[in-house]
Amino acid sequence: MLDINYIRQNPEEVAGMLKKRRQAEDCKSLDELLEYDRERRELIKETDTLKALRNKVSKDIAVIKRTGQGSAEDLIREMKEVADKIAGMDEILGKIEKQMESILLSLPNKLHPDVPEGYSAEENRICKGPVAFDHALDFPLMDHLDLGNKLGILDFERGAKISGTGFPVYIGKGARLERALLNFMLDCHTENHGYTEVFPPFMVNEDSLRGTGQWPKFADQVYYMNEDNLYAIPTAEVPVTNLHRNEMLKDEELPISYAAYSACFRREAGSYGKDTRGFLRVHQFNKVEMVKFTRPEESYDALEKILQNAEAILNALRIPYRVLLLCSGDISAGATKCYDIEVWSPAEKKYLEASSCSNFEDYQARRANIRFKPAGSSKPTYVHTLNGSGLATSRLMVSLLENYQTTEGTIVVPEVLRKYTGFDVID
RNA sequence: GGAGGAUUAGCAUAAUUGGUAAUGCAGCAGUCUUGAAAACUGCCGGGCUUACGCCCUUGGGGGUUCGAGUCCCUCAUCCUCCGCCA
């Protein structure tokens, strides 16, 4: 959420941002917002005057009642009218503020100056890579589906039977490999990168979704349990960022870094038929997420660190990748700056998104009310929040299986994972 | 699921029969001081206002009242006890 004061003082900047994000049509709601803001402040002036009168006269009434000097009847009758007037105006004010909130919740964040301008994914800027590792793949390659079927480690068909399309089942060494990947990533972030491990709930309430920005705009992408009014998390970002919702953090405990495993659930409504093959688009997948809370002045350094922490996993696994800086038309609404890491699928001959590292500045902190008192100041200030996948296993698994396949159709387990899997080869 | 108790600022604690949120600690600014400490003054949740000031804020929402921390309804969370259960 943007600060209404910032919007009022810099309307043309906000409009420019909306155009850069290819959301120029939202400029209309921006104008509405500013009009509501004017009305609101006018109305507050009037109601505050009436409320001041009511407070004063109420005190007078109290004095009359206490001393028994004279009658308060006239004053009470008068104040009854004032109270009705206030109630009527407050109702209008409430409606205006509700409208404002709904617009504010839907407006995207500012953009960092580094963000390249562009319409779509094609205009994202490659800022690193390709980072290659030699896997000697000079033979006819199988894709991850064929490999998974042949080795009996992945079963999409039975997943579809028990749940529906897009719910993969890992079996035998496949299950073990998945668990090894997750454990390796968590250990790496907690032991080498200074993150505190969190194991969060996989279902959250509406306030949590609103805090990170998935609600109300993207509510239709989230699984909802009507009976209990709970949502299945689309990413661990939601519960972990909301750990500190409505909290005043201490300056000395910042920055806070959390790494969390979670299953992630996504409806992917409207995406049917697009990249649906195998692991490319699924409704449930596993991910280790990194989340940071920082002082405002530290957040862009922290973003680079998160990116490095995610890259460290791929370097250790020796999986080829590249890093993109997302353009203004492709970056998500809450982020000011975002890097995507894509891993190389040699069978599909394309890059697959495996991580997204974003700085939200105070956009989520304002929604979720996460503040701290900076040292040397007494004024509460919003923290900056960031997160990055470190990483999502589904696309990572595609790249791992395909890059580590052999001419015999077996998979060599990456060196760093062997102490977690307990085997060197999947055959 | 049932019964009882609780929720007040960063933390901790007050507020006769309803009369308009008090205090301590921590933090910030200033005065004093060679400097620090102590002491004193102001600030220390949000909004409106050029400003002086004013308004709102006692877990959320609603009601009664001229006036609600206080009375009523409702929801949430925490604690205690009972019941059920992996």
Side-chain angles (χ1 to χ4, degrees), chain A residues 1-9 33-105 200-211 215 225-231 239 242-254 256 293 295-296 362 365-383:
Chain A
M1 196 152 68
L2 292 174
D3 182 2
I4 182 68
N5 293 309
Y6 165 78
I7 297 174
R8 187 188 310 127
Q9 284 153 25
L33 177 68
L34 290 167
E35 181 54 34
Y36 281 132
D37 181 52
R38 271 188 291 275
E39 286 177 31
R40 172 177 171 271
R41 285 185 296 157
E42 275 307 308
L43 205 51
I44 282 177
K45 273 189 222 173
E46 293 177 39
T47 54
D48 276 6
T49 309
L50 285 177
K51 283 174 184 173
L53 175 69
R54 178 177 63 181
N55 288 342
K56 189 188 160 296
V57 175
S58 286
K59 275 180 193 164
D60 294 344
I61 292 172
V63 170
I64 292 170
K65 294 235 168 179
R66 194 172 340 111
T67 59
Q69 304 268 317
S71 163
E73 288 302 308
D74 288 348
L75 289 179
I76 287 175
R77 206 174 311 117
E78 211 176 297
M79 284 309 103
K80 209 168 195 151
E81 282 173 31
V82 171
D84 286 346
K85 220 170 184 177
I86 289 173
M89 291 166 82
D90 270 349
E91 200 183 325
I92 297 171
L93 187 62
K95 279 180 187 159
I96 290 175
E97 289 184 338
K98 211 164 182 183
Q99 293 290 328
M100 289 179 70
E101 198 200 3
S102 125
I103 295 173
L104 278 169
L105 283 173
F202 292 179
M203 287 196 254
V204 296
N205 57 32
E206 189 174 295
D207 285 344
S208 293
L209 279 189
R210 185 208 313 261
W215 196 94
M225 264 127 304
N226 186 49
E227 193 79 2
D228 298 287
N229 204 20
L230 288 169
Y231 298 83
N242 278 282
L243 277 177
H244 295 299
R245 171 153 51 83
N246 289 330
E247 285 187 17
M248 183 80 73
L249 301 172
K250 293 193 175 65
D251 181 84
E252 61 268 24
E253 61 187 333
L254 295 175
I256 298 172
F293 303 80
R295 300 179 190 90
D362 63 4
R366 183 170 276 112
R367 285 170 167 252
N369 190 30
I370 308 170
R371 298 175 298 169
F372 78 111
K373 277 188 186 169
S377 157
S378 65
K379 190 141 182 65
T381 305
Y382 291 110
V383 299

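Chain letters run A, B, ... following the sequence lines, proteins first and then strands; every chain starts at 1. From a predicted model like this one, the values you see are computed outputs, not experimental measurements.
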Salt-bridge present (A:Lys80, A:Asp84; N to O < 4.0 Å): no

Inter-nucleotide C1' distance (B:A68, B:C48), Å rounded: 24 Å

If I take atom CG in residue A:Asn246 and atom C1' in nucleotide B:A9, what distance separates them, rounded to the nearest angstrom? 14 Å

Pairing partner of B:A86, by Watson-Crick or G-U wobble and under 3.5 Å for both distances, is none

Please determine whether a side-chain nitrogen of the Lys or Arg among A:Glu101 and A:Lys98 lies less than 4.0 Å from a carboxylate oxygen of the Asp or Glu. no

Pick the P atom in B:C32 and in B:A37, then give their distance to the nearest Å. 15 Å

For A:Arg295 and A:Leu254, indicate whether the former's side chain and the latter's backbone hold a donor-acceptor pair under 3.5 Å. yes

Here the distance between atom P of B:A26 and atom CD of A:Glu252, to the nearest Å, is 15 Å

Report the base-pairing partner of B:A12 (Watson-Crick or G-U wobble, both distances below 3.5 angstrom), or none. B:U23

Partner nucleotide, any strand, of B:U17 [Watson-Crick/G-U, under 3.5 Å]: none

Atom NZ of A:Lys59 to atom C1' of B:A21: distance rounded to whole Å? 12 Å

Do side-chain atoms of A:Arg245 reach the backbone of A:Ala368 as a donor and acceptor pair under 3.5 angstrom? no

Rounded distance in Å between the P positions of B:A9 and B:G61: 15 Å

Given that both distances must come in under 3.5 Å, which nucleotide forms a Watson-Crick or G-U wobble pair with B:U65? none

Taking only the P atom of each, what is the distance from B:C84 to B:G2 in whole angstrom? 15 Å

Separation of A:Lys379 atom NZ from B:G10 atom P, in whole Å? 12 Å

Side chains of A:Asn205 and A:Ser208: donor-acceptor distance under 3.5 Å anywhere? yes

A:Asp228 side chain reached by A:Met203 side chain, heavy atoms, under 4.5 Å: no

When you measure from the side chain of A:Arg367 to the backbone of A:Leu105, do you find a donor-acceptor pair of N or O atoms at a distance under 3.5 Å? yes

Which residues in residues 87-103 of chain A have a heavy atom closer than 4.0 Å to any atom of RNA chain B? none

In B/S/- notation (B base, S sugar-phosphate only, - none; protein heavy atoms under 4.0 Å), nucleotides 49-67 of chain B written 5' to 3' is S----SSS---------BS

According to the Watson-Crick and G-U wobble definitions, with both distances under 3.5 Å, which nucleotide is paired to B:A39? B:U31

Of A:Arg40 and A:Lys250, whose closest RNA chain B nucleotide lies nearer the 5' terminus? A:Lys250

To the nearest angstrom, the CZ-C1' distance between A:Phe372 and B:C44 comes to 16 Å

Please report, rounded to the nearest Å, how far the C1' atom of B:G46 is from the CG atom of A:Asn5. 11 Å

Both A:Arg371 and A:Ser377 contact RNA chain B. Taking the nearest nucleotide for each, which residue is further toward the 5' end? A:Ser377

Tell me every residue that passes side-chain contact (heavy atoms from CB on, under 4.5 Å) with A:Leu50, counting only those two or more places apart in sequence or in another chain. A:Val82, A:Lys85, A:Ile86, A:Met89

In the structure I gave you, are the side-chain heavy atoms of A:Phe372 and A:Pro296 within less than 4.5 Å of one another anywhere? yes

Whole-Å C1' distance, B:U70 and B:U64: 13 Å

Distance between the P atoms of B:G62 and B:G69, in whole angstroms? 15 Å

Only one of A:Arg366, A:Lys379, A:Met248 clears side chain to side chain contact (heavy atoms under 4.5 Å, CB included) with A:Arg371; which? A:Met248

Using purine N1 to pyrimidine N3 plus N6-O4 or O6-N4 for Watson-Crick, or N1-O2 and O6-N3 for G-U wobble, both under 3.5 Å, which nucleotide pairs with B:U77? B:A6

Taking atom P in both B:U49 and B:C55, what distance in whole Å separates the two? 16 Å

Is it the case that atom CD in A:Glu91 sees more than 12 heavy atoms from other parts of the structure closer than 6.0 Å? no

Rounded to whole angstrom units, what separation is found between the CZ atom of A:Arg38 and the P atom of B:C48? 14 Å

What is the base-pairing partner of B:U50, counting Watson-Crick and G-U wobble geometry with both distances under 3.5 Å? none

Rounding to an integer number of angstrom, what distance separates B:U34 and B:C28 when you compare their C1' atoms? 25 Å

